[in-house]
There are 2 protein chains.
Amino acid sequence: MKNQDFINKLRNSGLRPTKQRIKICEALFNTEKTFHFTVNDLAKMMQKNFNEKISLATVYNTLHAFKKKGYVKEISLGNDKSYFDTNISSHHHFYDTKTNELIDIDSSKIELKNIPNPPKGKSIKEIDVVINVENDSQ
Amino acid sequence: MKNQDFINKLRNSGLRPTKQRIKICEALFNTEKTFHFTVNDLAKMMQKNFNEKISLATVYNTLHAFKKKGYVKEISLGNDKSYFDTNISSHHHFYDTKTNELIDIDSSKIELKNIPNPPKGKSIKEIDVVINVENDSQ
DNA sequence: CTTCTACTTTAGACTGATTATAAACTGATA
DNA sequence: TATCAGTTTATAATCAGTCTAAAGTAGAAG
Ligand SMILES: [Mn+2]
Ligand SMILES: [Mn+2]
Ligand SMILES: [Zn+2]
Ligand SMILES: [Zn+2]
């Protein structure tokens with residue numbers, strides 16, 4: 001995917017293709033594999049790998065905008081900070097509670113049976129399965 | 001359960017039965033049903049319902065001590081703050097993302113099939129299923 | 001090309017949950 | 001009763017995330 005594609009993608013979804021947003025698109029979507037990251041991870045990555053100092057506020061703004069457009073997902077865990085995910089397919093995670101490492105599990109890999117009915121008046125939006133793991137002691 | 005039972009419970013697990021811990025035990029474990037709460041919820045509850053002003057730091061200390069002893073569980077969600085749970089059985093949750101309300105789902109209600117093997121060298125500690133729900137619009 | 005304006009970016013202030021500190025207090029033991 | 005490690009507490013510190021208001025910029029219009 002080239003620069004111009006991101007510009008179109010942004011414009012088509014009503015986001016002005018600013019220098020910062022385009023660079024962040026490159027960082028997030030010009031990759032072999034999807035990945036998980038924190039806001040700080042991304043801010044540092046932009047600086048180091050893309051030579052682009054983007055203010056933290058803008059990184060937050062952009063990620064929230066991208067999330068609203070469905071370009072990234074946000075994941076919350078036992079941690080204090082939240083993670084973003086460029087894998088936007090419905091999927092689950094292994095989560096290493098010691099290292100904070102996240103590993104995808106394809107949605108089709110786990111079968112959920114007998115999901116109970118939601119409380120009256122509410123409907124299910126999404127189901128998150130987190131399998132907490134830890135290094136074998138010894 | 002009476003006061004003396006909590007004193008024994010605390011002593012048996014190596015926690016000094018202080019006035020604050022005993023009162024918190026009463027608040028948490030002298031109930032019909034288990035429940036979910038935040039640190040602030042509990043601090044306020046102690047003041048209002050138990051006429052016991054306990055410093056926030058102590059509430060944190062106590063909850064973390066109780067968690068380590070397995071008397072409560074901690075639940076992390078998309079929220080900024082974390083929740084505690086007096087239901088220490090292995091179970092899952094409905095989570096209303098708008099109201100932050102948590103509702104228990106008995107572990108036996110949901111059947112998880114084909115759980116993939118954890119990454120090499122890691123083993124599964126716990127599986128959390130969160131079913132995000134929302135009020136039916138209209 | 002220049003002007004105009006709404007949308008963006010930004011530094012820095014602010015918030016709110018949680019943790020750290022260090023002094024005062026207290027349960028257990030002798 | 002004296003002693004002391006474990007506890008409580010007020011308060012400061014931390015840290016992710018949000019807010020603000022000023023400066024910058026993309027895009028439209030002339
Ligand atoms: Mn967020
Ligand atoms: Mn905690
Ligand atoms: Zn993922
Ligand atoms: Zn629960």
Side-chain angles (χ1 to χ4, degrees), chain A residues 3-4 6-25 27 36-47 50-69 71-72 74-84 97 100, chain B residues 3-4 6-25 27 36-47 50-69 71-72 74-84 97 100:
Chain A
N3 211 286
Q4 187 58 46
F6 293 128
I7 293 180
N8 294 334
K9 172 176 178 154
L10 289 167
R11 220 179 250 124
N12 290 339
S13 56
L15 294 172
R16 248 187 223 175
T18 64
K19 189 175 63 157
Q20 292 85 345
R21 285 173 177 162
I22 295 166
K23 281 286 181 187
I24 289 179
C25 278
H36 307 100
F37 60 96
T38 65
V39 168
N40 250 290
D41 292 339
L42 181 56
K44 281 177 190 157
M45 183 192 307
M46 297 315 302
Q47 178 105 60
F50 290 80
N51 239 64
E52 192 76 38
K53 183 200 173 321
I54 301 179
S55 87
L56 255 195
T58 299
V59 178
Y60 275 104
N61 288 342
T62 303
L63 285 174
H64 287 149
F66 284 11
K67 179 187 176 187
K68 193 175 299 179
K69 298 299 180 184
Y71 300 159
V72 297
E74 193 171 3
I75 305 169
S76 299
L77 299 158
N79 219 356
D80 40 350
K81 48 182 169 281
S82 80
Y83 288 78
F84 287 87
T97 51
N100 295 326
Chain B
N3 211 287
Q4 187 58 45
F6 292 129
I7 293 180
N8 294 333
K9 172 175 179 154
L10 289 167
R11 220 180 249 123
N12 291 338
S13 56
L15 294 173
R16 251 188 220 174
T18 64
K19 188 176 63 156
Q20 292 85 346
R21 285 173 176 163
I22 296 166
K23 282 286 182 187
I24 289 178
C25 277
H36 307 101
F37 60 97
T38 65
V39 169
N40 249 291
D41 292 340
L42 181 56
K44 281 177 191 157
M45 184 192 308
M46 296 314 302
Q47 177 104 60
F50 290 79
N51 240 62
E52 192 76 38
K53 183 199 172 322
I54 300 179
S55 86
L56 253 197
T58 298
V59 178
Y60 275 103
N61 288 342
T62 302
L63 286 174
H64 288 148
F66 284 11
K67 179 187 175 186
K68 193 175 299 178
K69 298 299 181 185
Y71 301 159
V72 296
E74 193 171 2
I75 305 168
S76 300
L77 299 158
N79 220 353
D80 40 350
K81 47 182 169 279
S82 79
Y83 288 79
F84 286 87
T97 51
N100 296 325

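Side chains are part of it too, since the values below use all heavy atoms of this structure and drop only hydrogens, waters and symmetry mates. Per chain, numbering begins at 1; letters A, B, ... match sequence-line order.
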Open item on the list: Testing the basics here: between B/I24 and B/M46, what is the closest heavy-atom pair and its distance to 0.1 Å?
Closed with: N-CE, 3.9 Å

TODO: Taking all heavy atoms of A/G78 and all of B/S76, pick out the closest pair and write down the distance.
DONE: CA-OG, 3.1 Å

Task: Euclidean distance, atom OH of residue B/Y83 to atom C1' of C/dG16 [Å, nearest integer] - done: 14 Å

- [ ] Search all heavy atoms of B/F66 against all heavy atoms of B/R21 and return the closest pair with its distance.
- [x] CZ-O, 4.1 Å

- [ ] Could you tell me the separation between the CZ atom of B/F84 and the C1' atom of C/dA17, rounded to a whole number of Å?
- [x] 12 Å

TODO: For the side chain of A/D80, starting at C-beta, report the closest nucleotide among D/dA16, C/dT19, C/dT8.
DONE: D/dA16

Task: Atom-pair distance (CZ on B/R21; P on C/dC25), nearest Å - done: 18 Å

Open item on the list: Run the side-chain contact (heavy atoms from CB on, under 4.5 Å) test against A/K81 and tell me which residues pass, sequence neighbours left out.
Closed with: A/T38, A/N79

- [ ] May I ask you to say what B/I54 touches in the nucleic acid, namely base, sugar-phosphate or nothing, with a heavy-atom cut-off under 4.0 Å?
- [x] sugar-phosphate

- [ ] Establish, with yes or no, whether the OP1 or OP2 oxygen of C/dT19 is under 4.0 angstrom from a side-chain nitrogen or oxygen of B/H64.
- [x] yes

Open item on the list: Whether A/S82 contacts D/dG17 is assessed here as follows: a side-chain N or O lying under 4.0 Å from the phosphate OP1 or OP2. Is that the case?
Closed with: yes

TODO: Could you work out which one of C/dT10, C/dA17, D/dA16 sits closest to the side chain of A/N61?
DONE: C/dT10

TODO: With the side chain counted from C-beta on, respond yes when B/F84 and B/H64 share a heavy-atom pair under 4.5 Å apart, and no when they do not.
DONE: yes

Task: Rounded distance in Å - OH (B/Y60) to P (C/dG16) - done: 13 Å

TODO: Side chain of B/S55 only, please: which of D/dG17, D/dA10, C/dA11 is the nearest?
DONE: D/dA10

Open item on the list: Measure CG/A/D41 against C1'/D/dG17 and give the value in whole Å, please.
Closed with: 15 Å

Task: Separation of atom CG in A/L56 from atom C1' in D/dT18, rounded to whole Å - done: 12 Å

TODO: Take B/K53 and B/G14, find for each the nucleotide of DNA chain D with the closest heavy atom, and name the residue whose nucleotide sits nearer the 5' end.
DONE: B/G14

Side-chain polar contacts of residues 8-17 of chain B - donor-acceptor pairs under 3.5 angstrom, sequence neighbours left out - could you list them?
residue	atom	partner	partner atom	Å
B/N8	OD1	B/Q4	NE2	3.3
B/N8	ND2	B/Q4	O	3.3
B/N12	ND2	B/N8	O	3.1
B/S13	OG	B/K9	O	3.1
B/S13	OG	B/L10	O	3.1
B/S13	OG	B/Y71	OH	2.8

Open item on the list: C/dT26, OP1 or OP2 - any side-chain N/O from B/Q20 closer than 4.0 Å?
Closed with: no

Task: Shortest non-hydrogen contact from A/V72 toward A/L63 - done: CG2-O, 3.9 Å

- [ ] Return the value, rounded to whole Å, for the distance between atom CG of B/L10 and atom C1' of C/dT26.
- [x] 15 Å

- [ ] Nearest whole angstrom, please: distance from the P of C/dT9 to the CG of A/L63.
- [x] 12 Å

Between the protein and nucleotides 23-30 of chain D, list the N/O to N/O atom pairs that are separated by less than 3.5 angstrom.
residue	atom	partner	partner atom	Å
D/dG27	OP1	A/R11	NE	3.1
D/dG27	OP1	A/R11	NH2	3.0
D/dG27	OP2	A/R11	NH2	3.3

